[in-house]
Amino acid sequence: MFTTTHQRCVTAMIEKILLIGSGFIGNKLVPKLAERGYGVVVISIETGHDITDRTQVLDVVQNFPGKKIVLMAAVADLNVFEANPAFGLDVNVGGFINVALACSLHNKKLYFISTCCVYGNTPDLPSSENSSARPAEIYASSKLASECIIDGLNKSYGLEYVILRIATTYGPTMRGALAPAVFIDQVRREQPITLHGDGTQTRTMTYIDDEVEGIASVINSAAHNTIVNISTQEELSVLEMARVIAEEMGRPDHPIVFIADRETQTRKEQIDASKA
């Protein structure tokens, strides 16, 4: 069957977005962007693309016909990052630099997926986009370093950008290293739920559907050269999270044990997401 002139024109008019990195959040983001009329092209390690390869990144970005570039690729697992910081920094900072420079050189708008973890142990609660950033660990520090580079590229070379600070996200197919996944697995295996410290540290865990809806809405908005928090505003202690999971799994009396706290621990996470 041949395409009509009208069909070809409609296809040509669809705004294209390049999503670099996929995974748990990226896979859910693609259909949300498609709902808004975007044609999404996804590249990742799985498609043979490596953001640490500067020549490859420059070539891909230069030849991409769309304006918007979403950078999601990163080493996000804190355990992996802390075990091999050189690898984590090569990807999260080195790879980021390659993408950011390519966007700056070729007049693309960069949507950088950062993290609410950059606020760390800030005294500014709830944390808005203007709050001080005091990351408590290396992963969050790598994201904040990238944000600073974006600011510099904007001031010196006019890079267009939006920084999206997203919350820790949970839901089906989430990473096994995330606390909710660990707790669910421990209950299933009839093992005690293990909590670092006393469990009073709080998080703003955000459900995957809400997270990708927020990301897609910002990408589809007039947001320009700014930072936006994408998070629930509900604060939950890790101990409360463990108890809710056990109860929902029909094990309200499931044992909980407390182990040594992480040295790199954010004590209180409270996010102001009103800007989104």
Side-chain angles (χ1 to χ4, degrees), residues 14-81 84 87-100 102-103 108-117 139-140 142-143 146 150 161-178 180-181 205-220 228 230-231:
I14 293 175
E15 183 175 0
K16 293 180 174 60
I17 289 181
L18 178 63
L19 175 60
I20 302 177
S22 53
F24 170 47
I25 298 175
N27 289 337
K28 292 282 191 177
L29 180 60
V30 171
K32 282 292 180 184
L33 291 172
E35 286 175 9
R36 288 164 169 79
Y38 292 101
V40 186
V41 176
V42 181
I43 63 171
S44 66
I45 286 291
E46 287 73 22
T47 64
H49 296 86
D50 183 352
I51 61 172
T52 65
D53 184 335
R54 179 169 296 178
T55 300
Q56 185 186 60
V57 169
L58 287 169
D59 180 65
V60 169
V61 172
Q62 180 179 10
N63 290 291
F64 184 69
K67 173 77 171 179
K68 297 179 177 181
I69 310 291
V70 181
L71 177 56
M72 187 163 284
V75 177
D77 188 323
L78 181 57
N79 297 318
V80 173
F81 208 131
N84 192 346
F87 170 65
L89 290 169
D90 280 346
V91 175
N92 287 19
V93 180
F96 157 80
I97 288 172
N98 292 338
V99 176
C103 289
K108 307 294 186 180
K109 185 171 182 178
L110 175 61
Y111 291 82
F112 176 60
I113 306 300
S114 186
T115 173
C116 288
C117 295
Y139 162 70
S142 75
K143 288 292 190 176
S146 298
I150 287 174
Y161 72 90
V162 175
I163 294 168
L164 299 98
R165 290 176 175 166
I166 69 171
T168 302
T169 307
Y170 72 96
T173 73
M174 63 184 154
R175 285 186 292 112
L178 291 176
M205 302 294 296
T206 304
Y207 190 64
I208 180 64
D209 291 351
D210 298 324
E211 194 71 68
V212 296
E213 178 67 31
I215 295 170
S217 294
V218 171
I219 292 172
N220 195 47
V228 183
I230 308 293
S231 172

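For this chain, numbers begin at 1 and follow the sequence in order. Atoms considered below: every heavy atom in the structure, side chains included; atoms not considered: hydrogens, waters and symmetry mates.
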Do [X] and [Y] make a side-chain contact, defined as non-hydrogen atoms from C-beta onward lying under 4.5 Å apart?
{"X": "Asn98", "Y": "Leu58", "result": "no"}
{"X": "Phe112", "Y": "Lys143", "result": "yes"}
{"X": "Ile17", "Y": "Tyr111", "result": "no"}
{"X": "Val60", "Y": "Leu18", "result": "yes"}

Quick one: does any side-chain atom of [X] pair with a main-chain N or O of [Y] as donor and acceptor, under 3.5 Å?
{"X": "Thr169", "Y": "Ala167", "answer": "yes"}
{"X": "Asn92", "Y": "Val75", "answer": "yes"}
{"X": "Thr52", "Y": "Asp90", "answer": "no"}
{"X": "Glu211", "Y": "Ile166", "answer": "no"}
{"X": "Asn220", "Y": "Ala216", "answer": "no"}

Side chain to side chain contact (heavy atoms under 4.5 Å, CB included) assessment of Ile215 paired with Val70: CA-CA 10 Å; Ile215 295 170; Val70 181; 5.7 Å; no
Side chain to side chain contact (heavy atoms under 4.5 Å, CB included) between Tyr139 and Asp77, intermediate numbers included: CA-CA 8 Å; Tyr139 162 70; Asp77 188 323; over 6 Å; no
Stepwise side chain to side chain contact (heavy atoms under 4.5 Å, CB included) test for Leu19 and Met72: CA-CA 7 Å; Leu19 175 60; Met72 187 163 284; 4.2 Å; yes
Check against side chain to side chain contact (heavy atoms under 4.5 Å, CB included), Tyr161 and Leu71: CA-CA 11 Å; Tyr161 72 90; Leu71 177 56; over 6 Å; no
Pair Tyr170 + Tyr207: ring centers closer than 6.0 Å: yes
Value rounded to 0.5 Å, distance of OG in Ser146 from CG in Leu110: 9.5 Å
Among Lys32, Lys68, Lys16, the one residue meeting side chain to side chain donor-acceptor pair (under 3.5 Å) with Tyr38: Lys68
Distance-only side-chain donor-acceptor flag, Arg36 / Ser217, under 3.5 Å: yes
